Amino acid sequence: MSETTINPSTTDNQLPSNIVMSGIRPTGMVHLGNYFGAIRNYVSMQDDFECYFMIADLHSLTTHPDTKTLKENVRRVLAENIACGLDPNKATFYCQSHVYETGELYLYLNMLAYKGELEKTVTFKDKARQHPENVNAGLLTYPVLQTADIIMHRASLVPVGKDQEQHLEMARNFVVRFNHRYGDIFPEPHAFNYNKSLVKVPGLDGSGKMSKSENNMSTLYFADDDETIRKKVMKAKTDSGPTAPNTPKPDYIDNIFMLMQLVCEPDVISKFEADYNNCNIRYGDLKKQLAEDMVKFMAPIRQKTNDILANDQYLVDVMKKGAEQASKSAVKTMKLVRDAMGLNYL
Ligand code: ADP
């Protein structure tokens, strides 16, 4: 990830430099990967920056065309983010489909995106492989829509996990092309993480990443009850342990230690590191400890989510306020865009 320099904000037509934007799809329940890759950063950034956080309901249509569960999923993801610490009074928290200007900016950006580069996107190739029956144009142009979302607020800091790195690179390309052709309207967006490097939370099976849409048994969801969390952690892939001191860890063991880094106390991790290096590690004990620390971390968030979900009027109010604030910003940006493009004949 490139270093991101944070400068004081600017106003009016100058390029703003410290606006934050990110999104999460309502394609399922929020999980540990979303938290450590993205939401944890949202929560830290909302005190220091102008932040826009979005439920990416339109993005979800590229892979989940059935909208029957969308309403419920949108509410759940809203509630889970708020339970994780996102504060709708500090950040603008809204649904993508409530900002109508997005479709317009997406259209303009599509003229600056080339078929060849879109086809090369790793996420497109993965999704096309997984769902050969639904390789739609929306899926192909996913990075274009994502760019429209980000630059709609002229944001430059994008808190995301490592899986989004390539999309951010494409967003920068589209921005550079737009600015080159029509004038400097947009700052270049960069992936942002407080800990310098971007995070990828691995799946418990030792392969891939935790994910909302796939990999159910390998992903820890905030909606999981305590027993399910314990069961999933205890099933994580291990082996009979190293036979020589200081052996490099295989990927799946490294992943478990990485999960410990997220929720366990440093002295607990040091003890198991030493056990590993001395060839007397007991993975059963390690997983029990990890499971308990996970439960301690995740259970209060689940409880809070349920409390928020029980108050539907609150969620409706959050969505309305978010839509109003996000639309205001979008209207302002689109005026700049149309003027820059010469689409102002009246
Ligand atoms: P998912 O892949 O679970 O459907 P989204 O595509 O909605 O999640 O992504 C929401 C945010 O969560 C993005 O910033 C993405 O980078 C981050 N994210 C998703 N999975 C992980 C993971 N396993 N590790 C780190 N960050 C992740």
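From a predicted model like this one, the values you see are computed outputs, not experimental measurements. Position 1 is the first residue of the sequence, and the numbers go up from there. Atoms within each ligand, like the ligands themselves, are counted from 1 in listed order.
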Could you list the atoms of ligand 1 found under 4.0 angstrom from a heavy atom of [X]?
X      : answer
Val160 : 14 (O), 16 (O)
Ser211 : 3 (O)
Lys200 : 24 (N), 25 (C)
Ala38  : 11 (C), 12 (O), 14 (O)
Gln164 : 16 (O)

Part of Asp163 within contact of ligand 1 (heavy atoms, under 4.0 Å): side chain
Nearest neighbour of atom 27 (C) of ligand 1 from the list Gly203, Gly208, Gly33, on a heavy-atom basis: Gly33
Assigning hydrophobic clusters by single linkage (Ile, Leu, Val, Met, Phe, Trp, Tyr; side-chain heavy-atom cutoff under 4.5 Å), is Val122 placed with Val158? no
Hydrophobic cluster identity match, Met341 and Phe186, side-chain contacts under 4.5 Å: yes
Could you check whether [Y] and [X], counting side-chain N and O atoms only, form a donor-acceptor pair closer than 3.5 Å?
X      : Y      : result
Asp225 : Thr228 : yes
His59  : Asp149 : yes
Thr238 : Tyr252 : no

N/O to N/O below 3.5 Å, does that happen between [X] and ligand 1?
X      : answer
Lys162 : no
Gly161 : yes
Asn34  : yes
Arg25  : yes
Tyr142 : no
Val201 : yes
Met210 : yes

Over 60° means perpendicular and under 30° means parallel, so tell me whether Tyr52 and Tyr94 are parallel, tilted or perpendicular. perpendicular
Do the ring planes of Phe192 and Tyr194 sit parallel (below 30°), tilted (30 to 60°) or perpendicular (above 60°)? perpendicular
Could you check whether any heavy atom of His31 sits closer than 4.0 Å to an atom of ligand 1, since that is the contact criterion I want to use? yes
Would you say Ser22 contacts ligand 1, with heavy atoms under 4.0 Å as the rule? no
Are more than 12 heavy atoms from other residues, nucleotides or ligands located less than 6.0 Å from atom CD of Glu119? yes
Output every pair passing ring pair (Phe, Tyr, Trp, His ring centres under 6.0 Å) with a member in residues 271-316, not counting sequence neighbours, ordered by first then second residue. Tyr35-Phe297, Phe36-Phe297
Regarding Arg338 and Glu104, does a basic nitrogen lie under 4.0 Å from an acidic carboxylate oxygen? yes
